[in-house]
Number of protein chains: 2
Amino acid sequence: MTAHLDTCDRNDVYAAACPCREMLDLLANKWSALAIGAMESGPQRFGELRQTLDGISPKVLSATLKRLEGAGLVDREVFAEVPPRVEYSLTALGLSAADPLAALRDWVEDHVGDHATGSDSPA
Amino acid sequence: MTAHLDTCDRNDVYAAACPCREMLDLLANKWSALAIGAMESGPQRFGELRQTLDGISPKVLSATLKRLEGAGLVDREVFAEVPPRVEYSLTALGLSAADPLAALRDWVEDHVGDHATGSDSPA
DNA sequence: GGCACCTGCTACCCATCGGATACCATCGGG
DNA sequence: CCCGATGGTATCCGATGGGTAGCAGGTGCC
């Protein structure tokens with residue numbers, strides 16, 4: 001019943017054998033961070049995500065969404081219409097993960113271009 | 001193509017051509033997130049980081065630290081002693097990045113194992 | 001009737017990268 | 001003279017990201 005998490009009683013991301021390593025690897029990923037952010041505003045179709053996540057390929061988007069779905073962060077809903085429609089949305093868990101991810105994206109947008117290491121770039 | 005990045009006036013991580021994409025790719029990375037967290041408590045030697053970041057290989061640690069150094073997040077100091085000693089520490093920029101990263105690690109440690117989606121089969 | 005088309009996704013192929021292991025270089029000590 | 005410690009690099013290899021093409025299923029248009 002309970003998983004065999006003997007190696008990781010208290011969920012330490014610094015322990016290689018801890019399942020949270022996988023979760024960290026999933027979330028600490030460019031596309032995951034962007035995809036989750038894109039779904040904060042509500043369900044998104046595949047094509048919409050593909051446009052929002054500028055530069056992602058359909059294969060990678062599909063794989064990313066599958067991983068997020070497998071981790072319970074994203075819900076996938078298929079509408080048997082024509083043309084086929086699929087909507088991806090955040091689960092409650094995914095929604096809670098969106099906060100730290102948003103903080104990370106925010107930091108990046110805020111601090112990129114700083115890098116005042118002496119070799120000043122033409123900002 | 002990436003020569004003139006005037007396409008990104010306000011640093012949009014969702015724009016493929018924005019330099020913050022690279023920064024996001026750097027920070028949204030398992031090892032970077034762990035390494036920066038490990039250096040929050042002060043300068044760390046190579047071997048210390050290698051132990052703290054359980055499971056990392058020397059090559060990947062070296063590459064990660066170089067990328068972080070190149071982005072101005074980490075400072076590398078070599079002591080001309082014997083045996084050779086090298087210390088890695090966070091710059092002010094790196095220190096500011098440590099916060100959202102800590103939030104992410106914290107979320108992971110807090111929410112991994114949730115996934116109460118019913119399907120818990122190890123298959 | 002037939003063909004293009006729209007959407008979502010998968011298959012194939014390749015470059016890149018992560019990763020494990022071995023090795024290098026230096027110097028003191030035994 | 002070899003060993004040990006330290007901080008990496010070189011090399012090889014498998015995984016994985018990523019691009020392109022194509023498929024499926026139906027529907028409107030001509």
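Residue numbers start from 1 in every chain, and the chains themselves are labelled A, B, ... in the order their sequence lines are given, proteins ahead of strands. All of these numbers come straight from a predicted model, not from anything done at the bench.
- When each of D:dA5, D:dG7, C:dA20 is scored by its nearest atom to the side-chain atoms of B:Arg76, the top-ranked nucleotide is D:dG7.
- Proximity of B:Lys30 to the phosphate of C:dG19: a side-chain N or O atom is located under 4.0 Å from OP1 or OP2.
- B:Glu77 places its CD atom 19 Å from the P atom of D:dT6, with the value rounded to the nearest Å.
- Across all strands shown, A:Tyr88 has heavy atoms under 4.0 Å from sugar-phosphate atoms exclusively, and none from any base.
- Of the candidates C:dG8, D:dG8, D:dT6, the closest approach to any side-chain atom of A:Phe46 belongs to C:dG8.
- For C:dT7, neither phosphate oxygen OP1 nor OP2 lies less than 4.0 angstrom from any side-chain nitrogen or oxygen of A:Arg85.
- Distance B:Leu34 CG to C:dG19 C1': 16 Å, rounded to the nearest Å.
- Residue B:Arg50 is classed as having no contact, given no heavy-atom separation below 4.0 Å to the nucleic acid.
- The pair B:Glu87-B:Arg85 meets the salt-bridge criterion, with a side-chain N (NZ, NE, NH1 or NH2) lying under 4.0 Å from an Asp/Glu carboxylate O.
- Both A:Glu48 and B:Ser57 sit near DNA chain C, but only A:Glu48 has its closest nucleotide nearer the 5' end.
- Relative to the side chain of A:Pro84, the nucleotides D:dG25, D:dG8, D:dG7 differ in distance, and D:dG25 lies closest.
- Note: CD1 (B:Ile56) to P (D:dG7) measures 15 Å, nearest angstrom.
- Atoms CD1 and OH, on A:Ile36 and A:Tyr88 in that order, are 14.5 Å from each other to the nearest 0.5 Å.
- Note: A:Met23 CE to A:Arg67 CZ = 11.5 Å, rounded to the nearest 0.5 Å.
- Across the interface with DNA chain D, nearest-nucleotide mapping of B:Gly47 and A:Arg67 shows B:Gly47 to be the residue nearer the 5′ end.
- In this structure a side-chain-to-backbone donor-acceptor pair under 3.5 Å is present from A:Glu48 to A:Arg45.
- Ion pairing between A:Arg105 and A:Glu40 holds under the 4.0 Å rule for side-chain N and carboxylate O.
- Contact annotation for A:Val86: backbone-only contact, meaning every heavy-atom pair under 4.0 Å involves sugar-phosphate atoms and none involves a base.
- For A:Pro58, counting side-chain heavy atoms from C-beta on, the closest listed nucleotide (D:dA21, D:dT6, C:dG8) is D:dA21.
- Remark: C1' of D:dA5 and CZ of B:Phe79 are 18 Å apart, rounded to the nearest angstrom.
- Checked against D:dG17, D:dT9, C:dC9, the side chain of B:Lys66 finds its nearest nucleotide in D:dT9.
- Distance CD (A:Glu69) to P (C:dG8): 15 Å, rounded to an integer number of Å.
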